[in-house]
Protein chains: 2
Amino acid sequence: MTDGEKLLLSNQVCFPVVVASRLITRVYSPFLEELDLTYPQYLVLLALWETDRQTVGELSRKLFLDSNTLTPLLKRMEEKELVYRNRSKQDERSVVISLSETGIGLKEKAVCIPDQIIRSLEGSSVSTEEILKFRETLGKLIAILDK
Amino acid sequence: MTDGEKLLLSNQVCFPVVVASRLITRVYSPFLEELDLTYPQYLVLLALWETDRQTVGELSRKLFLDSNTLTPLLKRMEEKELVYRNRSKQDERSVVISLSETGIGLKEKAVCIPDQIIRSLEGSSVSTEEILKFRETLGKLIAILDK
DNA sequence: TTTATATTTATCGTACACGATATAATCGCA
DNA sequence: TGCGATTATATCGTGTACGATAAATATAAA
């Protein structure tokens, strides 16, 4: 592979991923705004709706975010009374994040979001099969990047 | 498509893209750190190395970033004397960004970065063909998301 | 048991990212 | 020619990201 090809490959894969990421949060934002949520906050809720009562560390591993990002984010969610933050009894170092009634209730309003996102992406020239392949490659890339 | 499938699809495509984006900037960061650059600053330089003297608007369209992000970013690059910012003579509203000698010189040190990135991603189970297909789908997704 | 080490969060500083808004220059049209 | 609409940047506030570091707790080795 020549240097030119390497430049092309890294820039024509990495840069578009970064751009797509920003565009994705923009597509979510009008729907999330109605719930007074940001995209990272929505991700935290998705994780908690699936499994309530997770430590900061568990959320950290699932969301690929460290405590320096998560702690302030979770504090903002606590201020909005979406979640509680409590030191674990078993391990005083850990902080357990649990859903408040408000946080649980928000799930009802959020279930339509994926539908609206899919609708936003509809009418496209991207087949379901292509999406599945894309997701597969993306998973491999993340595994490599995360090493 | 059921709601469950929609949730799975949107979350299993959108979320991984966002994660991959963060991981990509992390992979670049040690190499960029040696040049005292951030990833967005590197993207600006890539654009300018290809075509010097571009307005904020032109950079905005290429990088998918608005002036509220670009202006402070470009000012930091100006402070580091990587670029100049000058009002256009033809259109006093526009600001032309041009490379300084330092900015031009940095290209020499940066040419090895794509090689190092590719090397970081090497030994993977992702074929070149798969990457090309990935890039193609990514391009379509960006086109849809950007509408 | 001590003491060194590792783990889990939190804090701080810097740099994006972006919605809302402001300002100045240019354009279009009556 | 004017003057309202559009365009190009800039400013401001809030919310992530993340490297570096600190602080508290738990674990392990001597």
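Reckoned from all heavy atoms, side chains included, excluding hydrogens, waters and symmetry mates.
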Original post:
OP1 or OP2 of dT26(C) less than 4.0 angstrom from a side-chain nitrogen or oxygen of Gln90(B), does that happen here?
Top reply: no
Subject >> Atom CZ of Arg85(B): over 12 foreign heavy atoms under 6.0 Å >> reply: yes
Subject >> Separation of dG15(D) C1' from Arg22(B) CZ (nearest whole Å) >> reply: 14 Å
Original post:
Between the base of dT9(C) and the side chain of Arg93(A), is there a donor-acceptor distance below 3.5 Å?
Top reply: no
Original post:
Heavy atoms, side chains only, cut-off 4.5 Å: are Ser98(A) and Val83(A) in contact?
Top reply: no
Original post:
To the nearest Å, how far apart are Glu92(A) CD and dT27(D) P?
Top reply: 12 Å
Original post:
Closer to the 5' end of DNA chain D via nearest nucleotide, is it Thr25(A) or Glu33(B)?
Top reply: Thr25(A)
**OP:** Examine dT8(C): is either OP1 or OP2 under 4.0 Å from a nitrogen or oxygen in the side chain of Ser94(A)? Give yes or no.
**Re:** no
Subject >> d(CG, Leu145(B); C1', dA17(C)) in whole Å >> reply: 16 Å
Original post:
Using a distance-only test with no angle check, is there a side-chain donor-acceptor pair under 3.5 angstrom linking Ser100(A) and Glu81(A)?
Top reply: no
**OP:** Could you state the atom-to-atom distance from OH of Tyr28(B) to P of dC16(C) in whole Å?
**Re:** 16 Å
Subject >> Validation row: Val44(B), Gln41(B) side chains within 4.5 angstrom (heavy atoms) >> reply: no
Original post:
Under 4.5 Å between any side-chain heavy atoms of Phe15(A) and Ser10(A), yes or no?
Top reply: no
Subject >> Test item: side-chain donor near acceptor, Gln90(A) and Ser88(A), under 3.5 Å >> reply: yes
**OP:** May I ask you to test the Leu35(B)-Lys109(B) pair for a side-chain heavy-atom distance under 4.5 Å?
**Re:** yes
Original post:
What bend angle does the helix from dT1(C)-dA30(D) to dA30(C)-dT1(D) show across its length, from five-pair end axes and to the nearest 10 degrees?
Top reply: 10°
**OP:** Could you tell me the separation between the CD1 atom of Ile24(B) and the P atom of dC18(D), rounded to a whole number of Å?
**Re:** 12 Å
**OP:** Would you check if Leu37(B) and Leu45(B) make a side-chain contact, meaning some heavy-atom pair closer than 4.5 Å?
**Re:** yes
Original post:
To the nearest Å, how far apart are Gln41(A) CD and dA17(D) P?
Top reply: 10 Å
Subject >> Nearest-0.5 Å distance that lies between atom CG in Leu74(B) and atom CD in Glu79(B) >> reply: 11.5 Å
Original post:
Rounded to the nearest Å, what distance is computed from the CZ atom of residue Arg26(B) to the P atom of nucleotide dA15(C)?
Top reply: 19 Å
Original post:
Do the side chains of Asp115(A) and Ile118(A) get nearer than 4.5 Å, heavy atoms only?
Top reply: no
Original post:
Hey, can you pull the residues of residues 78-88 of chain A with a non-hydrogen atom under 4.0 angstrom from DNA chain D?
Top reply: none
Original post:
Looking at residues 55-77 of chain B, who's got a heavy atom less than 4.0 Å off DNA chain D?
Top reply: Thr55(B), Val56(B), Gly57(B), Ser67(B), Asn68(B), Thr71(B), Lys75(B)
Subject >> Close side-chain approach of Ile97(A) to Thr55(A), heavy-atom, < 4.5 Å >> reply: no
